[in-house]
Amino acid sequence: MSPSSSAKTSEAGRTPSTRGGLATLGPGALRLRATLEGVFTGWAAEVGADAVQYPPLMRVEDLHRLDYFQNFPQLAILGAALTEEAAPEYATGGPREASLPAGHLTEASYALPSAACYNVYLDLAGRTLTDGPHKVTTVATCFRRETHYDALRRLLGFSMREIVCVGTRDEVLAHLELFRKKITGYLSELGLPIEIEAASDPFFDASAGRALMAQLFPVKEEFVFDGSLAIGSLNFHRNFFGERCDIRTADGEPAFTGCVAFGLERWISALTSHFGLTEDELADRVLAAGRP
């Protein structure tokens, strides 16, 4: 980005502000995010994905079902209330520290989601898919406790759009391959350079058989901008969630699952840093690239 365009963005007040991993987006950034969402939800509609909104919190007992705390203990952020004993102390003008002591809080039975797709599998629990693959798109404000935060590149709270497929192995792999081509083609037309890199996914048992499968077929591929910023990913969970949630295909076997995920603030970060345009100008560019 040239110094002049950077100054123009800053002086116009369009640059999103972040503090402690939490971002504030102004009108321009919101328009850009909505335009990106229009592209992604359009893709979801093309493959027949149902749009679903899930609750903003998840039950700890449900996350145990998914082995969440075994896989991601470092990311978990839990929700708790003030205890009945502690509440009066605060109501009468008690301590105003930057954090509340654990002894003043109830046990946490809810957690903030760290990915948008978990609720899809929990919602399908116990079902048999008799009419082919089940596809869902959803968006969620997700939260991850990280070692550090970096503007819009790495946030404590962020927006994640996902397009999920639940079905047979071949159906899920076809879904991921379709979006691999769709996303790379769109990014090429948009002019945003990325590399596709294999990444790890802890959602599989560390047995010899599945560990070997992970080597033969990457369970996660990321669309990486500038060598370090993953703005999206393709995730193949095999039949992990099908087994944990008892989701079955028409032949009675545990369903396979896969999802395409987009980090909306990360897209904004990549677009603004690469093109050096205002968010309004970027929204027009995003929209133009998405047209037939």
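The first residue of the sequence shown is numbered 1, and numbering continues consecutively from there. Excluded from the calculations below are hydrogen atoms, water molecules and symmetry mates; all remaining heavy atoms, backbone and side chain alike, are included.
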Do V260 and V164 pass the side-chain contact (heavy atoms from CB on, under 4.5 Å) test, and can you show the C-alpha distance, the side-chain angles, and the key distance before you say yes or no? CA-CA 6 Å; V260 186; V164 180; over 6 Å; no
Test side chain to side chain donor-acceptor pair (under 3.5 Å) on S233 and N235; report intermediate values, then the result. CA-CA 6 Å; S233 62; N235 305 273; 3.0 Å; yes
If you apply the rule side-chain contact (heavy atoms from CB on, under 4.5 Å), what do you find for T35 with E37, and how did you get there? CA-CA 5 Å; T35 306; E37 274 276 70; over 6 Å; no
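In this structure a side-chain-to-backbone donor-acceptor pair under 3.5 Å is present from T138 to V52. Distance alone, capped at 3.5 Å, places no donor-acceptor pair between the T128 side chain and the T249 backbone. Side chain of N71 to backbone of D67: a donor-acceptor contact under 3.5 angstrom is found. Using modelled atom types, one side-chain atom of R266 and one backbone atom of R153 make a donor-acceptor pair closer than 3.5 Å. Side chain of R161 to backbone of F262: no donor-acceptor contact under 3.5 angstrom is found. Using a distance-only test at 3.5 Å, with no hydrogens or angles considered, no donor-acceptor pair links the side chain of E89 to the main chain of A86. Distance alone, capped at 3.5 Å, places no donor-acceptor pair between the R127 side chain and the I247 backbone. Between the side chain of S188 and the backbone N or O of T184 there is no donor-acceptor pair closer than 3.5 Å. Between the side chain of E281 and the main chain of T278, a donor-acceptor pair closer than 3.5 Å is present. At distances below 3.5 Å, at least one donor-acceptor pair connects side-chain atoms of Y149 with backbone N or O atoms of E146.
Connection of Y121 to F69 is established within a shared hydrophobic cluster, with ILVMFWY side chains joined at heavy-atom distances below 4.5 Å, either directly or through further cluster members. Both L36 and V39 belong to a common hydrophobic cluster when Ile, Leu, Val, Met, Phe, Trp and Tyr are linked at side-chain heavy-atom distances under 4.5 angstrom. Criterion: ILVMFWY side-chain heavy atoms under 4.5 Å apart, direct or through other members. Under it, V172 and L178 are part of a common hydrophobic cluster. At a threshold of 4.5 Å between side-chain heavy atoms, the hydrophobic network of Ile, Leu, Val, Met, Phe, Trp and Tyr places L234 and V47 in one connected group.
Checking E265 against S159 by side-chain atom types alone, a donor-acceptor pair falls below 3.5 Å. Under the 3.5 Å distance criterion, with hydrogens and angles disregarded, no donor-acceptor pair is assigned to the side chains of S109 and R59.
Of the charged side-chain nitrogens involved, none lies within less than 4.0 Å of a carboxylate oxygen, so that R33 and E279 do not count as a salt-bridged pair. By the 4.0 Å N-to-carboxylate-O rule, R180 lies close enough to E221 to be salt-bridged with it.
Environment of CZ in R145: sparse, with no more than 12 heavy atoms of neighbouring residues, nucleotides or ligands closer than 6.0 Å. The number of heavy atoms from other shown groups lying within 6.0 Å of CD (E107) does not exceed 12.
With values rounded to the nearest 0.5 angstrom, T257 atom OG1 is found 8.5 Å from N239 atom CG. The line from CZ of R248 to CD of E243 is 8.5 Å long, rounded to the nearest 0.5 Å. In this structure, CG on L264 lies 9.0 Å from CE on M160, to the nearest 0.5 angstrom. Note that CG of L78 is 8.5 Å distant from CG of L112, once rounded to the nearest 0.5 Å. Between the CZ atom in R285 and the CD atom in E189 there is a gap of 10.5 Å [rounded to 0.5 Å]. Between the NZ atom of K135 and the CD1 atom of I163 there is a distance of 9.5 Å, given to the nearest 0.5 Å.
Shortest non-hydrogen contact noted between L271 and L192 is CD2-CD2, 4.2 Å.
In this structure, the ring of W267 has its center no less than 6.0 angstrom from the ring center of F223. In this structure, H175 has its ring center under 6.0 Å from that of F179. In summary, the aromatic rings of F256 and H237 are positioned with their centroids too far apart to meet the 6.0 Å limit.
Taking the ring axis of F240 as reference, the NZ or CZ atom of R244 stays within 45° of it and closer than 6.0 Å to the ring centre.
In this pair, Y186 and W43 present their aromatic rings perpendicular. The plane angle is above 60°, beyond the 30 to 60° band.
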